[in-house]
Amino acid sequence: MSGAAVGLVVAQALPAEWGGVTTIPDALMYAGIAAGAALLPDLDSPQATVSRSFGPLSKGLSHMVENSCQTFVNLTRGSKDSYCRNGHRTATHTLWFALLTGAAAAFLMSSSFERGAAVGLLFFFLGLAIRGLLPEWSKKADWLVVTGVSALVAWAAWEWAPNSGSGLVMGSAVTVGVLTHLAGDFITKRGIPLLAPLPLGRQRWRNLGVPRPLRIAAAGPMDKVLLSAFTIVTLVQLYVVVTGTTIALDSPVLASFAP
Ligand SMILES: [Zn+2]
């Protein structure tokens, strides 16, 4: 939900001269990609909701990601880092992962196979977004249903979205989503190795976070408060984007509708 909220805000803030989106469907697409990408880092945990998005396929991918992360940590760890037994919250929870995944998405969406890549990425990230935004529903629904729904929405978006944003801007939605996830984990008790494997003393994978007293429990009451807050921001932003009535009158999204 935080990915959707931040995605909607950024979609409106990016100026058209920079390749920003200028139509409502494209702004929603941007937010959809950001919402999905906000779940991407937890693909390193086969138990996570996101890893069930596409049934055995994403489950298998998740095991691969977790194992590769674990190997990567053990190959790069400093003399004071302990041996890594589980790849969760390691390589996919760094600033570099946010930048690399965004760059890869931007490359795919601006290259010669632009059309196919955009549909493919949209399908993948919408699948994650549905899991994230409708956790109760998607928990009960079979993964095939979730996959079908994301395919349908991706197809509809492709049919009706004018694709006004540049490949670079659409790719940035992935970085925005991943960074939102990292911000969320950053304020939890455990923190994340944000800058790993850059050395911090004799450690390379030390977890960083906000000062101890400000940290929250990963599945505690503060989680609910934040979910409510981000739901409200998302709904207000959706209203602003779709109706074009309030705060963002001079935003690029709404400018396209000016007479
Ligand atoms: Zn995480």
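In listed order, ligands and their atoms are each counted from 1.
At least one side-chain heavy atom of T101 sits less than 4.5 Å from a side-chain heavy atom of L40. Proximity of V146 to R131: side-chain heavy atoms (C-beta onward) are separated by under 4.5 Å at one or more points.
Inspection of the W205 and T76 side chains reveals an N or O donor paired with an N or O acceptor under 3.5 Å. With 3.5 Å as the limit, one finds no donor-acceptor pair spanning the side chains of H88 and H93. In this model, a donor atom of one side chain and an acceptor atom of the other lie less than 3.5 Å apart for R89 and T188.
Tally of protein N, O or S atoms closer to the Zn ion (ligand 1) than 2.8 Å: 4.
Rounded to the nearest 0.5 angstrom, L43 CG and S51 OG are separated by 5.0 Å.
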